[in-house]
Amino acid sequence: MKNFKTQIALFLGLVALITSCSDDFLVEEPKDALFADNLFENRDGFQQGLNAVYAYARQERTQRGGASHEVSLMWKTGTDVAWGNYTYNKVRAFDIYGVNLSPSESLLNTVFNWLYDVVNATNTIIARSEVAGIDWQGGSAEGDLKAKNSIVAQARLMRAWAYRHLTGSWGDVPLSLEEIDATNFRTYWERTPVATIQAQMEQDLLFAEANLPADYSDGLILSSAVAQHYLAELYLTMGGDANYAKAEIMAEKAIANPNFKLITERFGANKSNPGVPFMDQFGEENALPSQGNTETLWSFLNAEELTTTLSGNEDIHMRRTWVNRYYNLTSDDDWAFTQYGGRGIGRAAHTLYVEDLYEDQDDRYSEFAFSKSYLKSEGGDEVFTKVPTFDKWKVSDRYWPSTKKWDSYPSLDPRASGQFNNMPYLRLAETYLLAAEAEFRLSKFDQAAGHINALKTRSNATTITAGQVTVEAILDERARELFSEEHRRYTLNRFGLLVSRTQQYNKFSEITDRDILYPLPQDFIDSNEGPTPQNPLW
């Protein structure tokens, strides 16, 4: 892969900018020439390198490579739960595969390279941790080893996270486990079988589980619960009773962790205002454990007051993508944008399948969770959304209801496209559903129902019995709970249902068996100096 070396340079440049400020900046010390050697001298330097990796991960929800919505949408829309509600070709690409998606599509190359940015960066951190003479700042040999293992655990977790996306999107991809330098740089990378990569992901995640803290008190260091969650998902993806048993064990470990629990009571900054517990965890000031959020396992950290993306500020596009273009129905002024959580442009929407899933009393589709009406102006008439029948469902429908999970706008500009708040990325609720899935596979229907019902009870939905636990029940509950959050494409592929359910519920989808995997980017094939087979039928 010719651009691996360039990507490492970009990563090191990113970290260099984070750490370059100094009172002695006039002292001539060419840190950029051998930056890795200067940065990775002590634990603090390694943690700053990891902070850059976490910033890479956050770009899943930002304008990565100029793509303002599509990076996140490629694993969510074009499925049974969501579709591209706009005529823009790249938004619609994951519904109309054959027309708007091909191996030469730049978005696929952007995402492929971005994920290898993460792989290369983590490989560099892991390799540099073995260099002699590092000050691990542990205070003792035992403390030094613990500090080192914490750094390596974070890097290995993030490497597994990147390969989760790579294998889930493209299947067999190159497996790279070393820092790339002049001694091992090569121009041909074979596609490694998914099973081999999954075995490496398992080892990475097990190391992370054993060496990460049990809590999430430091928002810059993920907990062992994140590794357990991804292990549970990995074992379910690998399949077989032995792996299903492992998946149950890992999910149960995360659920039993006393540092995390489902949000079942009102909390946080909006506690005194009308609302429901489910939605509190998505609030502007409620995303972190320090703010009382016990359910979020991983939050993307952000800050409006910081002025550079490298210092922690990122133009996130979740609200812009998932909130409808209600300003076409209301007055186009600041009042409307502050009233309804910022400016949305409705690039994605839920399907009628999701619309019909919720009971009337389910908090997850209450007025606090979905926008279903708008005032035309302050004190003016109310305009209600109009969910069409299947035969009248059309693209660019501004009347579509939309989720409020991502409501947030910059205080200085309510009309701004992006947002800068901390936001949940991975929640314990999904871990409950992974446990239920594993228990269903193992015919432990009572336990599976218990985990599903924990979410239903929290949201005032009707509980189910053990006899009602089916594939459909699990997928339905994931849709209710995790709409716009989960990577639905991976979930459906794990069940072998991506094509059939999408054809059934997504009116605009032209998905076929070919589309179970995305086409390998043509740029990679062209630059790889050796045989590089394309995915089937592409």
Side-chain angles (χ1 to χ4, degrees), residues 8-9 11-24 27 29-57 117-162 176-181 183-184 200-201 203-228 230-231 257 259 289-290 297-298 301 310-312:
I8 290 178
F11 157 68
L12 293 176
L14 175 63
V15 181
L17 288 172
I18 294 177
T19 59
S20 61
C21 295
S22 169
D23 292 337
D24 300 321
V27 177
E29 189 175 350
K31 291 184 178 292
D32 58 338
L34 294 171
F35 184 75
D37 294 330
N38 291 292
L39 175 66
F40 298 129
E41 293 179 341
N42 56 36
R43 184 204 170 278
D44 288 343
F46 275 91
Q47 189 60 54
Q48 289 182 58
L50 283 164
N51 293 348
V53 174
Y54 292 135
Y56 273 138
D117 284 345
V118 178
V119 171
N120 292 331
T122 54
N123 285 345
T124 298
I125 291 171
I126 294 166
R128 295 299 175 121
S129 73
E130 298 300 328
V131 174
I134 295 169
D135 179 8
W136 290 109
Q137 303 169 272
S140 66
E142 182 180 0
D144 285 348
L145 179 60
K146 182 177 180 180
K148 173 187 175 182
N149 286 344
S150 173
I151 292 295
V152 175
Q154 293 177 72
R156 293 183 71 169
L157 171 62
M158 294 308 299
R159 182 168 67 184
W161 174 88
S176 175
L177 301 175
E178 297 178 338
E179 178 183 6
I180 299 174
D181 56 28
T183 66
N184 63 2
Q200 180 61 49
M201 291 169 62
Q203 294 306 307
D204 282 349
L205 291 170
L206 286 171
F207 185 89
E209 186 213 4
N211 290 284
L212 289 175
D215 63 16
Y216 189 29
S217 56
D218 184 340
L220 292 175
I221 301 178
L222 299 180
S223 79
S224 58
V226 176
Q228 290 159 353
Y230 282 129
L231 277 164
N257 186 328
N259 296 291
S290 60
L297 304 180
W298 180 358
L301 305 183
L310 301 182
S311 298

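Here the structure is a predicted model, which is why all the values come from computation and not from measurement.
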| said: If I take atom CG from residue L157 and atom CE from residue M201, how far apart are they, to the nearest 0.5 angstrom? | reply: 10.5 Å
| query | If you measure from CD on E179 to OG1 on T122, what distance do you get to the nearest 0.5 Å? | reply | 11.0 Å
| S150 side chain vs K146 backbone, donor-acceptor pair below 3.5 Å | no
| request: Taking all non-hydrogen atoms of both residues into account, name the closest pair between V119 and S176 and its distance. | output: CG1-O, 3.6 Å
| Checking N184 side chain against D181 main chain: does a donor-acceptor pair fall under 3.5 Å? | yes
| Quick one: are D215 and P289 in side-chain contact, heavy atoms under 4.5 Å? | no
| For the student: nearest non-hydrogen atoms of E209 and Q228, plus distance | OE2-NE2, 3.2 Å
| request: For I134 and S129, work out which heavy atoms get closest and say how close. | output: CD1-O, 3.8 Å
| Spacing of CG belonging to N42 relative to CD belonging to Q48, to within rounding of 0.5 Å | 8.5 Å
| task | Could you please spell out the steps behind the side-chain contact (heavy atoms from CB on, under 4.5 Å) verdict for Y216 and N259? | result | CA-CA 8 Å; Y216 189 29; N259 296 291; over 6 Å; no
| Could you go step by step and tell me if I221 and Q154 meet the side-chain contact (heavy atoms from CB on, under 4.5 Å) rule? | CA-CA 7 Å; I221 301 178; Q154 293 177 72; 3.9 Å; yes
| Looking at F40, is R128 sitting on its ring face, NZ or CZ under 6.0 Å from the six-membered ring centre and within 45 degrees of the normal? | no
| request: Identify, with sequence neighbours excluded, every residue that meets side chain to side chain donor-acceptor pair (under 3.5 Å) alongside S290. | output: none
| In terms of side-chain geometry, is the basic nitrogen of K148 or E130 positioned less than 4.0 Å from the acidic oxygen of its partner? | yes
| request: Would you please test F46 and I125 for side-chain contact (heavy atoms from CB on, under 4.5 Å) and show each step? | output: CA-CA 7 Å; F46 275 91; I125 291 171; 3.9 Å; yes
| field | T183 OG1 to E178 CD distance, which is reported to the nearest 0.5 Å | value | 8.0 Å
| said: Let me confirm one number: the CG-CG distance from L301 to L220, rounded to the nearest 0.5 Å. | reply: 6.0 Å
| request: Return the minimal non-hydrogen interatomic distance between L205 and A227, and the atom names on each side. | output: O-CB, 3.7 Å
| Restricting to pairs with a member in residues 134-144, which pass side-chain hydrogen bond (donor to acceptor under 3.5 Å, both in side chains), not counting sequence neighbours? | D44-Q137
| task | Work out which heavy atom in A155 is nearest to a heavy atom in L50; give both atom names and the distance. | result | N-CD2, 3.7 Å
| message | Once rounded to the nearest 0.5 Å, what's the spacing between atom OG1 of T124 and atom CG of N120? | response | 6.5 Å
| query | With sequence neighbours left out, what residues match R159 under side chain to side chain donor-acceptor pair (under 3.5 Å)? | reply | N123, D204
| remark: What one should report as the nearest heavy-atom pair of S223 and A214 is CB-O, 3.8 Å
